[in-house]
Amino acid sequence: MSERLAIHGGAPVRATVLPYGRQSLDDADVAAVTRALRSDWLTTGPRVAEFERRLAARVGVAHGVAVSSGTAALHAAAFAAGLGPGDEVIVPPLTFAATANAALYVGATPVFADVHADTLTLDPVRVAEKLTPRTRAIVAVDFAGLPADVDALRALGGPAGARLIDDAAHALGATLRGRPVGALADLTVFSFHPVKHVTTGEGGVVVTPDESLAVRMRRFRNHGITSDASDRFSRGEWHYEMVDLGFNYRLTDVQCALGLAQLDRLDAFLARRRAIAARYRAALAEVPGVALQRVPDEADHAWHIFPILLELDRLAADRRAIFAALRAEGIGVNVHYIPVYWHPYYQRLGYAKGLCPVAETLYERLITLPLFPAMTDADVEDVITAVRKVVDHFGR
Ligand SMILES: Cc1ncc(COP(=O)(O)O)c(C=O)c1O
């Protein structure tokens, strides 16, 4: 007889709920922010440029442009790529809505291409089927921290001038064939939301090897204006010109102070995330009813999140029931992601369900387990115990 589940009145594995993600802030982070607050610069100042420089150097790219969120970074990348009405942008459906929304922000059309059933990243074969003369960009998503096969996507060719954009919100620190994520695409987007590898509260950076794209994005984040206030101040000038319709997407010096302090800890964060993921993979690999994301040998995964895939034919329950049972055990599981075009907004735009059957089937099977650097070994074991307990109960 399997153990009585908490959802059926048994004792939960944990008394308090373990969240799926959480920031790790220490005294050095707090001290760095305090120094910034006491300095002359609250918004665009020296720490913004330093954060951009350090982040770009970390991923081996010449230019970094800091903006107020990963979403703003996707918008800036779409703008810099020159996307607009009539242009098609190929995106995977298994992502946060912002990936596809960025195409809509600039008046372009998202075209959904399906993902691989095992790596959960954009499938180049499905992308090839969606290429048309109007394709102006492919946006890959490094799902959970696993780099999409951008080399295969680039090899597809596509119309001249089409840009490859990497939504690497999950993948700071990942590598593919020995090259860092950031150095693989024309434009790569990172997010610094608190659950990500490093945080600035809210924030994002776009990195690019192309200086002209960086110049466009710097203007775009600052209302489309040709210089910023600190430049004008230092040159003793008041004149500026607005040449593009930009936004106020500036990241502040205070946030970049936090980002710089967090970057000092990126290697430690990555090491801990990888150690937790390795423990999960070893413990869950042979559990009947659970499958894991395939990690190709040529990729070094950054483990932003840890997805498991339920083998529903081996379980007498669906994902909703297993999710609820894990929550009752005190495990703050989550689901990444509802296929983007299933959202009511996209349904109103006319995207039909059934468009990407692999992603839709995956969605019914996916559960995200807690993963963040401050998890203790005991927390990790609690998650494993709870997954085994619940899956064993519903196993058939
Ligand atoms: C794949 C992906 N793209 C973009 C974003 C948007 O980033 P932000 O929350 O910083 O706007 C997220 C955030 O969760 C994400 O997971």
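Just follow the structure's listing: the first ligand is 1, and inside any ligand the first atom is 1.
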CA sep, side-chain torsions, deciding dist, call: F51, F192, ring pair (Phe, Tyr, Trp, His ring centres under 6.0 Å): CA-CA 12 Å; F51 183 56; F192 308 116; 5.3 Å; yes
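- Counting heavy atoms closer than 4.0 Å to ligand 1, residue T71 contributes atoms from both its backbone and its side chain.
- At under 3.5 Å, not a single nitrogen or oxygen of F96, backbone or side chain, sits near a nitrogen or oxygen of ligand 1.
- Nearest to atom 3 (N) of ligand 1 among the protein's heavy atoms is D167 OD2, 2.7 Å.
- For the pairing with Y351, the ring-ring contact (aromatic ring centres under 6.0 Å, His included) check across Y345, F112, W342 returns one residue only, F112.
- Between R396 and L312, the closest heavy-atom pair is NH2-O, 4.0 Å.
- Contact annotation for L74 and ligand 1: only side-chain heavy atoms (C-beta onward) come within less than 4.0 Å of the ligand.
- For E202, no nitrogen or oxygen atom sits less than 3.5 Å from a nitrogen or oxygen atom of ligand 1, counting backbone and side chain alike.
- Nearest protein neighbour of atom 8 (P) of ligand 1, counting heavy atoms only, is G70 N, 3.5 Å.
- Not a single heavy atom of D142 sits less than 4.0 Å from an atom of ligand 1.
- The aromatic rings of H304 and H170 sit tilted, their planes meeting at an angle between 30° and 60°.
- Ligand 1 lies within reach of Y337, whose nearest heavy atom is under 4.0 Å from it.
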Residue pair E52, R47: steps toward the salt bridge (charged side-chain N to carboxylate O under 4.0 Å, His left out) verdict: CA-CA 8 Å; E52 292 175 335; R47 290 174 186 83; over 6 Å; no
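- Residue-level proximity to ligand 1 for T99 is carried by the side chain, the only part with a heavy atom below 4.0 angstrom.
- Remark: D87 engages R136 in a salt bridge, criterion side-chain N to carboxylate O under 4.0 Å.
- Using 4.0 Å as the threshold, K196 has a heavy atom nearer than that to some atom of ligand 1.
- Residues K389 and L5 have side chains in contact (heavy-atom distance under 4.5 Å, counting atoms from C-beta outward).
- Paired with F247 under the rule ring-ring contact (aromatic ring centres under 6.0 Å, His included), one option of F79, F220, Y105 passes, and it is F220.
- Residue S191 has at least one heavy-atom neighbour below 4.0 Å for each of these atoms of ligand 1: 7 (O), 8 (P), 10 (O).
- Set against the non-hydrogen atoms of T95, the atoms of ligand 1 under 4.0 Å away are 1 (C).
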